[in-house]
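Labels below follow one simple rule: chain letters A, B, ... track the order of the sequence lines, proteins then strands, and each chain is numbered from 1.
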Amino acid sequence: MKQNFLKFLLLLTVLTTVSCLGDDVDIENNRRLLIKGKVTDTQGNALPNIPVITSALGDALGQTTTDANGNFRLISLDEQFDPLDIFINVDNFYNQQVNQDYSSRAYFSQQHVNRVLYDMGSITLGKMAELKLTLNNNGGDQNTVSYEILYTPSACELPLNVYNPPSDCNLSEMKTGSLMPSSENQIISIYSIQGENVVFNYSLNSGDTQTIEIPLTNASNTYVFEY
Amino acid sequence: MFLNIKTLLCALFISTITFAQQTETNLETESQAQKQTGHKIGNILIGAYFPIAFGNNFVNEGMDLKGGGKIVLKVNTYKTFFVGPYFSFFNGKVTDSDLLGNYDNTANILMGGVVGYDYNIENFDISLAAGIGYSVYANRGLGDSFKDTATAVWLSPELSYRFNPYLGVFVAPELRRDFMNIDVPKELEDSFKGVNYFTISFGLRINLGTGYKNQ
């Protein structure tokens, strides 16, 4: 009898712990949000069938796709306590782009606000471009190189519900590094947008900073830097 | 608004009980003539309830409504003017989450009160009732539940046929409007601030009192 009671107590404890571990969404009563806008490519052409999702804690509170004119009008639920995120061309877990040909846009809130209308205006998604930047160490020279790579990320993240937010992610991402005479050759993959430039700033042996602008003209691009 | 509805429902409930008690007292002191014809205390309606949403609103545009049920107690107050509590429910499935938000289904419960008049012709009873109540849409989705609430008003004629003095069947169409309490931006107000229903209900009518015996 006592053993059964202990088993029951153990089971109850486990169940309580498991239920507390889950971070479930709490949907707000009596509220709907409207999220609207238009999605175009860099030439201003409408992009149809691009998914638009509102999300909180990884749950999709509302979802739709752009129509033939690139317009979307999404009616969403709201979370009671947690901030709302809006994803364009990305899944609700913010894992991957849905339409692999185009870049994505994600708007993240820092805190929950009682806002019911989000007019996102015109959102531009560029065609995806990959740059394979090879940093070759020509043996024999004893050069050191420090570098920074500035580029526009294909997965653009912007703040939501802040005063005067930025409207795009131009050259907002940066990678830095330094190369020693003994460094191996490196290949750096950069995911950006066709038509944009990748800015490669480097300094040889702590000298003046030189700049190379690498245009991304194709879906797949390569550039070799030798030192 | 919700508090007002609750107050109204309480008042309606108390007045129903009071009238019912007064009816019993009156029964004891009725004249001989009244005793011969009996007294119509009221009736209870129990039946199926089938709503059809119409107009430009989120239920009509994004939900598939299922049937439900209703139960009404009508207590005669003066002659066959009646008052009483009302309860109905139905279920709905979300068919267009683009228009409603990402959830799966809803269960609507309406609690309120009715007033009206009952007219008897031989084995038939015809009545007209107006009601007001508190309507709750208990929604489920994403592993969570949440509510949309409304104040509902409705108008319902009813036709019933008596098999015997105590039991009959009824059919009652109903025009109902739910004034929703959902907070939405202005451009969604047309769709989310009110829902119109045309409903059909039918089922059993249980007559209370001996007044129907001699008709």
**OP:** State the NZ-CD1 distance between B:Lys147 and A:Ile27, to the nearest 0.5 angstrom.
**Re:**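 One finds 14.0 Å between NZ of B:Lys147 and CD1 of A:Ile27.
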**OP:** Could you grab the distance from atom CD1 of B:Ile126 to atom OG1 of B:Thr80, nearest 0.5 Å is fine?
**Re:**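 Between atom CD1 of B:Ile126 and atom OG1 of B:Thr80 there are 11.5 Å.
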**OP:** Flag the one option from A:Leu33, A:Thr64, A:Asn114 with the top tally of heavy-atom pairs under 4.5 Å to chain B.
**Re:**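 Most pairs with chain B among the choices: A:Thr64.
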Subject >> Aromatic ring proximity B:Tyr137/B:Phe146, centre distance under 6.0 Å >> reply: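 No - the distance between ring centres of B:Tyr137 and B:Phe146 does not fall below the 6.0 Å cut-off.
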Original post:
Regarding B:Lys74 and the six-membered ring of B:Phe82, is the cationic atom NZ or CZ under 6.0 Å from the ring centre and inside 45° of its axis?
Top reply: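 Yes.
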Original post:
Using the ring of each side chain (for Trp, its six-membered ring), is B:Phe89 parallel, tilted or perpendicular to B:Phe87, with breaks at 30° and 60°?
Top reply: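 Rings of B:Phe89 and B:Phe87: tilted, 30 to 60°.
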Original post:
Relative to the ring of B:Tyr86, is the ring of B:Trp154 parallel (under 30°), tilted (30 to 60°) or perpendicular (over 60°)?
Top reply: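 Correct class here is tilted.
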Original post:
Under a 4.5 Å heavy-atom cut-off, does chain B meet the side chain of A:Gln80, its backbone, both or neither?
Top reply: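 Neither part.
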Subject >> Under 4.5 Å from any heavy atom of chain A - which part of B:Leu100 >> reply: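 Contact with chain A involves the backbone of B:Leu100 alone.
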Subject >> Part of residues 51-63 of chain B lying next to chain A, heavy-atom separation under 4.5 Å >> reply: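 From residues 51-63 of chain B, none sit under 4.5 Å of chain A.
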Original post:
What's the shortest heavy-atom distance between B:Gly209 and B:Tyr166, and which atoms?
Top reply: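 Reported closest heavy-atom pair: O-CE2, 3.2 Å.
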